[in-house]
Amino acid sequence: MGEQAGGCTDADLGFMAAAIAEAERGAAEGGVPIGAALVEDGAVVATGRNRRVQGGDPIAHGEMDCLRAAGRRRGYRRTTLYTTLSPCMMCAGAIVQFGIPRVVVGENATFGGNEEFLRSRGIEVVVLDDRRCEALMRRFQAERPDVWDEDIME
């Protein structure tokens with residue numbers, strides 16, 4: 001598998017597809033279209049999606065749902081977290097807390113997230129600028145601005 005521009009590999013594109021599938025699933029459920037996948041040693045360990053709306057749970061962001069689905073683990077040092085949108089501070093804090101060394105972000109045009117915070121903690125952050133991820137968020141933000149504002153506490 002080859003290396004793409006910006007530290008992205010062909011494998012990254014494939015794993016991001018798992019996160020996008022979760023985001024699409026969340027959108028179909030009427031939720032916020034953000035998905036995530038946790039990968040270790042070239043295999044998907046868990047996936048998750050933002051379930052704030054579906055479950056009435058304010059901390060059920062896509063990354064948090066994915067980490068919850070991964071269950072108890074002895075460590076995260078060989079993992080990469082794929083997320084369709086740049087992580088908020090809560091999710092970035094969990095990434096730092098668990099020592100996840102690498103995060104691949106689908107897009108950051110619709111929400112700036114906390115990439116610099118992650119980098120300042122030694123975490124490798126790769127942004128794909130994936131148009132599918134951006135299109136999902138732009139559509140959601142246009143159709144459900146009240147829910148989006150609630151998600152980011154605006």
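Note: hydrogens, waters and symmetry copies are ignored here, and every other heavy atom, side chains too, is used.
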Asker: Using only atom types and a distance under 3.5 Å, with no angle test, would you say the side chain of Arg119 pairs donor to acceptor with the backbone of Val125?
Answerer: yes
Asker: Examine the side chains of Glu40 and Thr79 and answer whether a donor and an acceptor come within less than 3.5 Å of each other.
Answerer: no
Asker: How long is the straight-line distance from CD1 of Ile20 back to CZ of Arg132, given to the nearest 0.5 Å?
Answerer: 3.5 Å
Asker: Considering non-hydrogen atoms only, spot the tightest contact between Gly113 and Ser86 and give its length.
Answerer: CA-OG, 3.3 Å
Asker: Identify whether Val96 and Met89 are in the same connected component of the hydrophobic contact network (ILVMFWY, side-chain heavy atoms under 4.5 Å).
Answerer: yes
Asker: Does a side-chain heavy-atom distance below 4.5 Å link Leu118 with Pro87?
Answerer: yes
Asker: Indicate, with yes or no, if Tyr76 and Met64 share a hydrophobic cluster defined by side-chain heavy-atom contacts under 4.5 Å among Ile, Leu, Val, Met, Phe, Trp and Tyr.
Answerer: no
Asker: In sequence, state the C-alpha distance, the side-chain angles, and the governing distance for Val39 and Val45, and then conclude on side-chain contact (heavy atoms from CB on, under 4.5 Å).
Answerer: CA-CA 5 Å; Val39 172; Val45 172; over 6 Å; no
Asker: With the threshold set at 4.0 Å, does a side-chain nitrogen-carboxylate oxygen contact exist between Arg131 and Glu134?
Answerer: no
Asker: Does the pair Leu136 and Glu24 meet the rule for a side-chain contact (heavy atoms from CB on, under 4.5 Å), with working shown?
Answerer: CA-CA 8 Å; Leu136 275 169; Glu24 290 170 339; 4.0 Å; yes
Asker: By the ring-ring contact (aromatic ring centres under 6.0 Å, His included) test, which pairs, at least two apart or in different chains, include something from residues 23-48?
Answerer: none
Asker: Regarding Asp65 and Arg52, does a basic nitrogen lie under 4.0 Å from an acidic carboxylate oxygen?
Answerer: no
Asker: Out of curiosity, Asp130 CG to Leu13 CG, how far, rounded to the nearest 0.5 Å?
Answerer: 8.0 Å
Asker: Below 4.5 Å, heavy atoms only, C-beta onward: do Thr83 and Val103 meet side chain to side chain?
Answerer: yes
Asker: According to the interplanar angle, ranging from 0 to 90°, do the rings of Trp148 and Phe111 count as parallel (below 30°), tilted (30 to 60°) or perpendicular (above 60°)?
Answerer: perpendicular
Asker: For the CZ atom on Arg78, are there more than 12 heavy atoms of other groups (residues, nucleotides or ligands in this structure) within a distance under 6.0 Å?
Answerer: no
Asker: Looking only at heavy atoms, what is the nearest atom pair of Cys66 and Ala46, with distance?
Answerer: SG-O, 3.4 Å
Asker: Write down the atom of Gly106, the atom of Met16, and the distance for their closest heavy-atom approach.
Answerer: N-CE, 3.4 Å
Asker: Grab the two heavy atoms, one from Leu38 and one from Ala70, that are nearest each other, plus how far apart they are.
Answerer: CD2-CB, 3.8 Å
Asker: How about Cys8 and Leu128: do any of their side-chain heavy atoms sit closer than 4.5 Å?
Answerer: yes
Asker: So Leu67 and Phe98, side-chain contact (heavy atoms from CB on, under 4.5 Å) or not? Walk me through it.
Answerer: CA-CA 10 Å; Leu67 292 171; Phe98 293 140; 3.9 Å; yes
Asker: Is it the case that the side chain of Arg144 and the backbone of Gly30 share a donor-acceptor pair, with hydrogens and angles ignored and the cut-off at 3.5 Å?
Answerer: yes
Asker: Hey, does Asp57 have a side-chain heavy atom less than 4.5 Å from the side chain of Arg51?
Answerer: no
Asker: Quick check: do Gln141 and Val147 have side-chain heavy atoms less than 4.5 Å from each other?
Answerer: no
Asker: With a cut-off of under 6.0 Å to the ring centre and 45° to the axis, is Arg138 in cation-pi contact with Phe140?
Answerer: no
Asker: Under 4.5 Å between any side-chain heavy atoms of Val104 and Phe15, yes or no?
Answerer: no
Asker: Above 12 or not: heavy atoms from other molecules or residues under 6.0 Å from CD of Glu143?
Answerer: yes
Asker: Would you mind reporting whether Glu22 and Tyr82 have side-chain heavy atoms less than 4.5 Å apart?
Answerer: no
Asker: Which heavy-atom pair separates Cys91 from Glu63 by the least distance, and what is that distance?
Answerer: SG-OE1, 3.2 Å
Asker: Less than 4.5 Å apart, any side-chain heavy atom of Met90 and any of Ile59?
Answerer: yes
Asker: Apply the test side-chain contact (heavy atoms from CB on, under 4.5 Å) to residues Thr110 and Leu85: give CA-CA distance (whole Å), side-chain angles for both, the deciding distance (0.1 Å), then the verdict.
Answerer: CA-CA 8 Å; Thr110 63; Leu85 185 66; 3.3 Å; yes
Asker: Between Cys133 and Glu107, what is the shortest heavy-atom contact and its length?
Answerer: CB-CG, 3.7 Å
Asker: Less than 4.0 Å between a side-chain N and a carboxylate O, is that true for Arg49 and Glu29?
Answerer: yes
